[in-house]
Amino acid sequence: QVQLVETGGGSVQAGGSLTLSCAASGFTYSAYCMAWFRQAPGEEREGVAYILNDGSPSYADSVKGRFTIARDNAKNMLSLQMNALKPEDTAIYYCAASHWCGSDWRPARNYVYWGQGTQVLVSS
């Protein structure tokens, strides 16, 4: 049974930091490319960060320089270090897995497995 379980969300003031984690099981994690998405109320789900199975990252412009995605293939874990948080980062954050590791990583339709999400609330 495939599972992606996110943890680490919470409330923080603007300028603060949070680290999200995603524990993967039930599939060959090292063979998949992974991503973090977020969805704010009334908004579409958007890609935040992406990492190839070799560890190469890509970021949305809105988080570049503030967020860091990382993976541990030995532990089947994905993380997102979020620094200098802004109120506009408030959203539910999801980890997702794709067996297609192409350059067009932003569309949610490219991902086959999703976690249940974890809430991040940034207050001003």
Side-chain angles (χ1 to χ4, degrees):
Q1 180 183 0
V2 171
Q3 279 195 308
L4 292 173
V5 180
E6 302 98 335
T7 56
S11 297
V12 64
Q13 288 192 325
S17 299
L18 281 174
T19 300
L20 306 183
S21 297
C22 174
S25 61
F27 64 103
T28 307
Y29 176 77
S30 60
Y32 282 66
C33 293
M34 302 295 296
W36 287 97
F37 281 74
R38 67 186 180 188
Q39 189 166 19
E43 302 289 333
E44 290 191 359
R45 194 168 295 192
E46 64 166 345
V48 172
Y50 172 69
I51 189 164
L52 296 175
N53 43 14
D54 69 358
S56 302
S58 297
Y59 298 95
D61 287 344
S62 59
V63 306
K64 201 170 293 184
R66 300 188 297 123
F67 290 12
T68 302
I69 188 171
R71 66 187 297 160
D72 184 335
N73 287 342
K75 296 182 179 179
N76 289 4
M77 292 292 295
L78 181 73
S79 65
L80 185 69
Q81 173 69 43
M82 305 185 293
N83 297 326
L85 282 161
K86 305 175 181 180
E88 52 263 43
D89 294 319
T90 294
I92 298 174
Y93 283 70
Y94 301 88
C95 66
S98 174
H99 52 69
W100 175 86
C101 296
S103 59
D104 187 19
W105 63 273
R106 299 295 296 271
R109 66 178 180 272
N110 290 339
Y111 296 81
V112 294
Y113 303 135
W114 291 86
Q116 82 290 346
T118 186
Q119 176 73 55
V120 171
L121 178 63
V122 185
S123 58
S124 57

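Residue pairs meeting the salt bridge (charged side-chain N to carboxylate O under 4.0 Å, His left out) criterion with at least one partner in residues 76-94, sequence neighbours excluded, are R38-D89, R66-D89.
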- [ ] Could you check I69 against L78 for side chain to side chain contact (heavy atoms under 4.5 Å, CB included), going step by step and ending with a plain yes or no?
- [x] CA-CA 7 Å; I69 188 171; L78 181 73; 3.9 Å; yes
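Between the side chain of N110 and the main chain of D104, a donor-acceptor pair closer than 3.5 Å is present. When atom types are taken as modelled, the side chain of Q119 and the backbone of A91 share a donor-acceptor pair closer than 3.5 angstrom.
The closest side-chain heavy-atom distance from Y93 to E6 is not below 4.5 Å.
Within the model, atoms CD of E43 and CD1 of I92 stand 13.0 Å from one another, a figure rounded to the nearest 0.5 Å. Atoms CZ and CH2, from F37 and W105 in turn, are 7.0 Å apart once rounded to the nearest 0.5 Å. For the atom pair Y111 OH and C95 SG, the distance stands at 11.5 Å (nearest 0.5 Å).
Nearest heavy-atom pair across L121 and T90 is CD1-CG2, 3.6 Å. V5 and Q116 get closest at one heavy-atom pair: CA-OE1, 3.8 Å. Across A60 and G47, no two heavy atoms sit closer than the pair CB-O, 3.5 Å.
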Please set out all donor-acceptor pairs under 3.5 angstrom arising from side-chain atoms of residues 10-33, sequence neighbours excluded.
from : atom 1 : to  : atom 2 : distance (Å)
S17  : OG     : N83 : OD1    : 2.9
T19  : OG1    : Q81 : OE1    : 2.4
Y29  : OH     : M77 : O      : 2.8

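At a threshold of 4.5 Å between side-chain heavy atoms, the hydrophobic network of Ile, Leu, Val, Met, Phe, Trp and Tyr places Y113 and M34 in one connected group.
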